[in-house]
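Let me begin by presenting the structure, written as structure tokens, before commenting on it.
Per chain, numbering begins at 1; letters A, B, ... match sequence-line order.
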There are 2 protein chains.
Amino acid sequence: MEPSPPSRLLLIDDHRLFNDGLKSLLDAQTDLTVCGQVFTAADALAAVHRLAPQLVLLDVNLQGVSGIDLGSQLIHNFAGLYVILLTMYNQPKLLDEARRAGLHGYLLKDATTDLLLKGIRTVLNGGKFFALNESGHFIDRFGDDFARRLSLTFREVEIIRLICQGLSSEQIADQLTLSVETIKTHRKNIHFKLGISKVADLIQFAIKQGL
Amino acid sequence: MEPSPPSRLLLIDDHRLFNDGLKSLLDAQTDLTVCGQVFTAADALAAVHRLAPQLVLLDVNLQGVSGIDLGSQLIHNFAGLYVILLTMYNQPKLLDEARRAGLHGYLLKDATTDLLLKGIRTVLNGGKFFALNESGHFIDRFGDDFARRLSLTFREVEIIRLICQGLSSEQIADQLTLSVETIKTHRKNIHFKLGISKVADLIQFAIKQGL
DNA sequence: GGGGCAATACCACAAAAGGGGTATTTTTAA
DNA sequence: TTAAAAATACCCCTTTTGTGGTATTGCCCC
């Protein structure tokens with residue numbers, strides 16, 4: 001190892017305790033320093049500009065603002081900046097979204113500290129680090145054939161999200177410029193695939209999946 | 001100050017990073033030591049028995065298990081044990097529930113570290129510490145009259161819970177030995193009070209409130 | 001002892017959701 | 001290049017929700 005100064009990290013997460021705790025954890029590492037903490041999306045750009053961190057650890061949920069959007073915005077505005085998404089959602093779709101948005105990593109909040117450090121160091125060395133929890137809660141809870149049943153299509157997931165926002169089939173049809181009948185068909189298929197029969201079940205399902 | 005050994009704390013939260021971060025934060029205090037960490041509700045009782053902590057910091061959401069239930073269970077099983085609920089729900093109702101369940105404190109995850117430490121020390125000295133975030137997201141999002149609108153009755157909350165479990169009005173009526181019409185009336189009132197009009201909205205609301 | 005609230009219950013009608021089909025086109029992958 | 005999968009769309013009919021009312025009972029509190 002060459003004697004280089006510790007890498008500068010910026011934490012963006014509106015859960016202050018999590019943010020503080022993470023700082024404490026990371027500061028304990030000799031090769032890493034937390035150069036700043038941000039608690040709202042609004043402060044993020046200014047903070048990155050002022051503190052010039054090498055890497056940003058970014059939560060997905062910042063009072064309604066999408067962490068993925070903010071992350072890709074940061075990357076486009078600050079050349080050479082690394083962004084790792086930190087989330088509690090054990091969701092392949094979300095991971096894919098993060099990857100497509102050009103982010104450098106995706107880590108779960110229930111990851112071990114070791115995994116976090118490994119991820120940070122990998123990204124600082126120019127790599128990418130995307131990790132889900134293989135033995136995630138959800139899969140455990142629903143048994144063997146769940147993964148098969150979960151093979152929802154893109155459209156289906158899209159419609160689930162809109163249902164969760166409280167839209168009726170008609171409103172969804174409007175928004176997607178489709179027939180109401182099509183939406184109804186999708187809903188039927190979703191119900192069949194998930195083995196449910198009510199909106200209530202669907203929302204519960206969706207929220208457990210992290211939308 | 002008398003030269004007493006540091007107080008022993010146990011952390012119960014299934015978000016490992018949060019848990020680890022908190023440990024790191026707390027260990028930095030000379031008068032506090034984290035004597036253990038637990039990531040699932042199932043391990044909680046055994047851990048308390050083995051580690052004999054003075055105070056437990058407990059998350060509300062442990063894979064479906066209610067932190068409040070677990071907390072009051074711990075208090076009843078271990079005399080003298082203090083339990084502080086840690087949650088991201090900025091919710092007076094939940095706070096009241098925690099208080100009624102006999103827990104010793106309620107703190108938000110987006111509290112400052114100072115507030116957390118103050119809460120812990122207050123409870124360790126035999127006090128109670130219940131804090132909400134005055135400028136919290138949730139209240140902001142719904143305006144001034146939200147608190148008034150939120151004055152749900154016991155029956156209403158009970159019915160919301162059953163709706164969330166996917167039961168129809170008829171099934172709820174059966175279970176509570178009431179007329180379907182009565183359930184419908186309650187649902188109307190709930191919708192009015194919360195300013196919503198769909199099951200989807202209701203479930204979202206309920207989940208944000210921590211059920 | 002009367003006003004307010006919670007809980008119960010009913011009617012009627014409109015709007016959605018749920019469930020049973022079938023069918024066409026486009027996209028994807030073997 | 002062809003067969004499967006995904007996305008689109010329609011029909012019909014039932015059940016459940018949603019919304020507008022009204023009304024009675026019991027309870028607490030001032």
TODO: Using whole Å, report how far CD1 of A:Ile196 lies from P of C:dA17.
DONE: 13 Å
Open item on the list: In whole Å, I'd like the distance from the CG atom of B:Asn189 to the C1' atom of C:dC5.
Closed with: 11 Å
Open item on the list: Donor-acceptor check, side chain of A:His49 to backbone of A:Leu45, threshold 3.5 angstrom: yes or no?
Closed with: no
Task: Separation of C:dA16 C1' from B:Arg187 CZ (nearest whole Å) - done: 12 Å
Open item on the list: Any heavy-atom pair between the side chains of B:Pro53 and B:Val48 that's under 4.5 Å?
Closed with: yes
Task: Side chains of B:Ile120 and B:Leu26 in contact at under 4.5 Å (non-hydrogen atoms) - done: yes
TODO: Answer with yes or no whether A:Lys198 presents, from its side chain, a donor or acceptor under 3.5 Å of a partner atom in the base of C:dG18.
DONE: no
Task: Test item: A:Gln171 side-chain N/O and A:Ser168 main-chain N/O as donor-acceptor pair under 3.5 Å - done: yes
- [ ] Among the candidates D:dT16, C:dA9, D:dA9, find the nucleotide nearest to the side-chain atoms of A:Ser179.
- [x] D:dA9
Open item on the list: Whole angstroms only, please: what is the CD-P distance between A:Glu156 and D:dA6?
Closed with: 8 Å
- [ ] Grab the CD-C1' distance between B:Glu181 and D:dT25 for me, whole Å please.
- [x] 18 Å
TODO: Could you please name the option among C:dG18, D:dG20, C:dG21 that lies closest to any side-chain atom of B:Lys188?
DONE: D:dG20
Open item on the list: As a test of your reading of the structure, name each stem of DNA chain D as range with range, where a stem is three or more consecutive Watson-Crick or G-U pairs at under 3.5 Å.
Closed with: C:3-30 with D:1-28
Task: Integer-rounded Å distance: C:dA9 C1' and B:Leu176 CG - done: 15 Å
TODO: Scan B:His186 against the nucleic acid and name what it touches under 4.0 Å (heavy atoms): base, sugar-phosphate only, or nothing.
DONE: base
TODO: Round to a whole Å and report the spacing from CZ of B:Arg155 to C1' of D:dC27.
DONE: 15 Å
Task: Atom pair CD1 (A:Ile172) and NZ (A:Lys184), whose distance is rounded to the nearest 0.5 Å - done: 13.0 Å
Open item on the list: Ignoring hydrogens and geometry beyond distance, is the side chain of A:Thr182 in donor-acceptor contact with the base of D:dC10 at under 3.5 Å?
Closed with: no
- [ ] Report yes if a side-chain nitrogen or oxygen of B:Ser169 is closer than 4.0 Å to either non-bridging phosphate oxygen (OP1 or OP2) of D:dT17; otherwise report no.
- [x] yes
Open item on the list: Quick check for you: among C:dT8, D:dA9, C:dG18, whose closest atom lies nearest to any side-chain atom of B:Leu178?
Closed with: C:dT8
Open item on the list: For a quick check of understanding: with a heavy-atom distance under 4.0 Å over all strands, which category does A:Val180 fall into, base, sugar-phosphate or nothing?
Closed with: nothing
Task: Among A:Ile12, A:Val56, A:Leu22, the one residue meeting side-chain contact (heavy atoms from CB on, under 4.5 Å) with A:Leu86 - done: A:Leu22
- [ ] Using a strict cut-off of less than 4.0 Å between a Lys/Arg side-chain nitrogen and an Asp/Glu carboxylate oxygen, indicate whether B:Glu158 and B:Arg155 qualify as a salt bridge.
- [x] yes
Open item on the list: In whole Å, I'd like the distance from the CG atom of B:Leu167 to the P atom of C:dA17.
Closed with: 19 Å
- [ ] Answer yes or no: side-chain N or O of B:Thr185 and base N or O of C:dC10 forming a donor-acceptor pair under 3.5 Å.
- [x] yes
